[in-house]
*Asks:* 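Supplied in structure tokens, the structure appears directly below.
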Amino acid sequence: MIVEEVRVRFAPSPTGSLHIGGARTALFNWLFARKYKGIFVLRLEDTDILRSTEESSQGILEGLQWLGLDWDEGPDKGDVYGPYRQSERLPIYSKYLDQLIANGQAYYCFCSNEELQQEKEAARNQKRDYKYSGCCRELSLQEAEARIKQGLHPVIRIKAPDKGITMVHDLIRGDVEFSNALLDDFIIAKSDGWPTYNFAVVVDDASMKITHVIRAEEHLSNTPKQLLIYEALGLEPPKFAHASMILAPDRSKLSKRHGATSVQEFRDEGYLPEALLNYLALLGWSSGEDRDLWTLDELIPEFSLDGISRSPAVYDIEKLTWMNGHYISNSNAERFLNLSSNQSHMQKYLSDYPREYLLQVLDLVGNRIKTLNEIPGAIQYFCEDVDSYDAKGVTKHFKKTNAVIILNSVIDIVEKAPQFEASIIEDLLRRQAEIMQLKAAELIHPTRLALSGRTNTPGLFEVMEILGREKCLQRLKKAVTYIES
RNA sequence: GGCCCCUUGGUCAAGCGGUUAAGACACCGCCCUUUCACGGCGGUAACGGGGGUUCGAGUCCCCCAGGGGUCACCA
């Protein structure tokens, strides 16, 4: 048996940013293509000239690249069934449209917007569903062409059956029936000559030899219309798989008011691509295995359509953030520096300090942050002077009667340490605590506060080593002055 | 409103006729510890409701309810 090459596609319309729902659809398609050694096609559905923008196209491409979802054919590469922007495919659509007009499966319709409005209103008044009356259906082709010559711009409608059922064989949901009686002669080409969505997808998917259409559930209801078009055109439809949608925490459709929804926003908020990908993969898909952490490469062999959930998934930023923290702590300082170097704080730090120093700091801080955006805050006291102290810390550690004595003894240690290394400092400090008959913590806390202004930092002795003898001394003395004043 | 899809803890989810109904995030407690985080251990918490089918139902069927999607010369 000849195994057909798998060809899938991601077909966003460039009217906004790359939404996480879209990103997940792209991911599912990409995984499917990679698993079956097939082709992943990227197609831009930009026939809505008013809403499509070049900026949005670029944003989507960049978003996919950032995620690492590479395509084999698309606007910029692998032109075998192109072009891959619908706006450049008008001749192709026209050819198919002509075919349908010629064999009488579609017809020109001259009904004006006003007339259509009236029909709709009448339907509403009678509480029945609106269906196009079909008043242009019997118009002869000659008559239609004559009117076109007069300068009228008709739409094209398909002749839809009014009996029977159209069955969608969905790979995720099984067979779904739609009654044809519900369909009307819907428009397949607008009066400006451009195809409508349902017609364009069919022509594109067919002419691009797409074998599996994996997309979100919002398209399930469109599928019977598309099937009708395939049939009229005499084309073999692809297999369909409709994944469910991603919902906001309040179970409504995800929108701007729910915070970040585009991959660019997640990137800007300090999320790593592998974290977003990992999270998205698990949102609406499961391998059945008891496992949460996956790299893209690990997902490829495991991915399968029947692991895709039928029910909508509410996305939970807490879990994404947890995953991000995981990937951050497993990443290295070099990468953080590169990824965060565009932040304004980081640029300043980068110009003020040697790269090596910043790398040491990031290394220390890396496993206790959850997003890249926490970096400047987490390393601030390594790069800027301490000019205020945490209020609770002050009452707890500086207000004690022996605070100055403690800090002075630490100053003494800092001055005398033979090498300024964490283990040596720790040794000396613990010994000092014993001598003073105090718990080590009683020296550690005030010291931490003096050096960082904070009550929580990474291990104090590592912090001291990186800060260096001079800075420690200076900050310790400053704290003593602060307490005494 | 018509049509379609869906319904296991707060969230993601495993389960595919017989289980003490996994696991993860979040939350709580304990341990580790110089703080925070990490890590380890433990805990709270679920089959939307009602009918069937069956010796037995979260798993199959029907009804209801709820949520979502879709009904454009948008995609």
Side-chain angles (χ1 to χ4, degrees), chain A residues 11-16 45-48 50-52 86 109 111 113 116 120 124 127-131 153-157 168 170 172-174 176-179 181-184 186-198 200-201 216-225 242 244-245 247 249 251-253 279 282-293 309-323 325-326 329 365-370 378 393 396-397 426 429-430 433 439-445 447-449 452 454-461:
Chain A
S13 77
T15 54
E45 307 217 326
D46 57 350
T47 52
D48 185 345
L50 292 178
R51 294 198 303 146
S52 298
Q86 291 187 329
C109 169
C111 293
N113 252 309
L116 262 20
K120 285 180 190 174
R124 204 177 315 129
K127 289 191 168 174
R128 35 161 254 269
D129 286 332
Y130 165 74
K131 275 179 74 171
H153 297 283
V155 299
I156 298 176
R157 291 181 183 269
V168 177
D170 190 277
I172 295 172
R173 288 155 208 281
V176 184
E177 283 185 5
F178 293 87
S179 166
L182 267 7
L183 258 34
D184 65 355
F186 57 92
I187 295 171
I188 57 177
K190 313 174 205 172
S191 54
D192 62 7
W194 284 91
T196 56
Y197 165 74
N198 284 121
V201 243
E217 195 190 339
E218 51 183 321
H219 293 291
L220 183 56
S221 309
N222 280 320
T223 311
K225 288 184 183 176
H242 290 93
S244 48
M245 319 249 330
L247 266 29
R251 299 198 65 82
S252 69
K253 201 171 173 178
Y279 180 70
L282 263 40
L283 200 57
W285 173 82
S286 165
S287 69
E289 228 179 300
D290 179 17
R291 192 212 312 191
D292 288 290
L293 271 4
S309 167
R310 279 172 287 271
S311 52
V314 171
Y315 104 105
D316 175 23
I317 195 149
E318 302 265 18
K319 186 152 182 177
L320 202 211
T321 304
W322 165 77
M323 267 185 191
H326 166 82
S329 31
V365 143
N367 64 350
R368 53 189 68 223
I369 56 173
K370 295 227 186 309
K396 225 168 163 184
H397 309 303
E426 176 164 10
L429 188 139
R430 286 190 189 280
K439 282 188 286 189
E442 293 178 83
L443 304 205
I444 287 167
H445 291 300
T447 305
R448 167 178 286 114
L449 187 61
S452 67
R454 308 179 181 195
T455 53
N456 60 311
T457 70
L460 179 66
F461 306 110

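Naming convention: chains lettered A, B, ... in sequence-line order (proteins, then strands); numbering from 1 in each chain.
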*Asks:* Choosing from B/rA75, B/rU35, B/rC25, which nucleotide comes nearest the side chain of A/Ser13?
*Replies:* B/rA75

*Asks:* When the C1' atoms of B/rC12 and B/rU33 are considered, how many whole Å apart are they?
*Replies:* 32 Å

*Asks:* Paired with B/rC12 by Watson-Crick or G-U wobble geometry, both distances under 3.5 Å: which nucleotide is it?
*Replies:* B/rG23

*Asks:* Select one nucleotide: of B/rC6, B/rG68, B/rU11, the one nearest the side-chain heavy atoms of A/Arg173.
*Replies:* B/rC6

*Asks:* Mind checking the C1' distance from B/rU70 to B/rU54? Whole angstroms is fine.
*Replies:* 38 Å

*Asks:* Rounding to an integer number of angstrom, what distance separates B/rA26 and B/rG52 when you compare their C1' atoms?
*Replies:* 39 Å

*Asks:* Mind checking A/Thr196 for me? I need base, sugar-phosphate or nothing, with any heavy atom below 4.0 Å counting as a touch.
*Replies:* sugar-phosphate

*Asks:* Expressed in whole Å, how much space separates the C1' atoms belonging to B/rU7 and B/rA13?
*Replies:* 14 Å

*Asks:* How far, in whole Å, is B/rA22 from B/rC30 if one measures between their P atoms?
*Replies:* 25 Å

*Asks:* Using the P atom in both, what is the distance from B/rG18 to B/rC5, to the nearest Å?
*Replies:* 27 Å

*Asks:* Considering every strand shown, what is the Watson-Crick or G-U wobble mate of B/rC38 when both distances are under 3.5 Å?
*Replies:* none

*Asks:* Nearest of B/rU70, B/rA37, B/rG2 to any side-chain atom of A/Asp129?
*Replies:* B/rG2

*Asks:* Between P on B/rA72 and OH on A/Tyr197, what's the gap in Å once rounded to a whole number?
*Replies:* 15 Å

*Asks:* What I want to find out is whether A/Asp316 reaches A/Lys319 closely enough, with some N-O distance under 4.0 Å, to be called a salt bridge.
*Replies:* no

*Asks:* Using atom C1' of each nucleotide, how far apart are B/rU20 and B/rG58 to the nearest Å?
*Replies:* 16 Å

*Asks:* Rounded to the nearest 0.5 Å, how far apart are CD of A/Glu318 and NZ of A/Lys370?
*Replies:* 10.0 Å

*Asks:* Closest to the A/Ala313 side chain: B/rA13, B/rA37, B/rG69?
*Replies:* B/rA13

*Asks:* For B/rA45 and B/rA37, measure between their C1' atoms and round to the nearest Å.
*Replies:* 26 Å

*Asks:* Considering only B/rC73, B/rA26, B/rG68, which nucleotide approaches the side chain of A/Glu318 most closely?
*Replies:* B/rA26

*Asks:* Kindly point out which of B/rA13, B/rC6, B/rU35 is positioned nearest to the side chain of A/Ser286?
*Replies:* B/rA13

*Asks:* From C-beta outward on A/Asp290, which listed nucleotide comes closest to its side chain: B/rC74, B/rC12, B/rG23?
*Replies:* B/rG23

*Asks:* Assign A/Phe461 to base, sugar-phosphate, or nothing according to its heavy-atom contacts below 4.0 angstrom with the strands shown.
*Replies:* base

*Asks:* Output the rounded distance in Å from NZ (A/Lys319) to C1' (B/rG23).
*Replies:* 8 Å

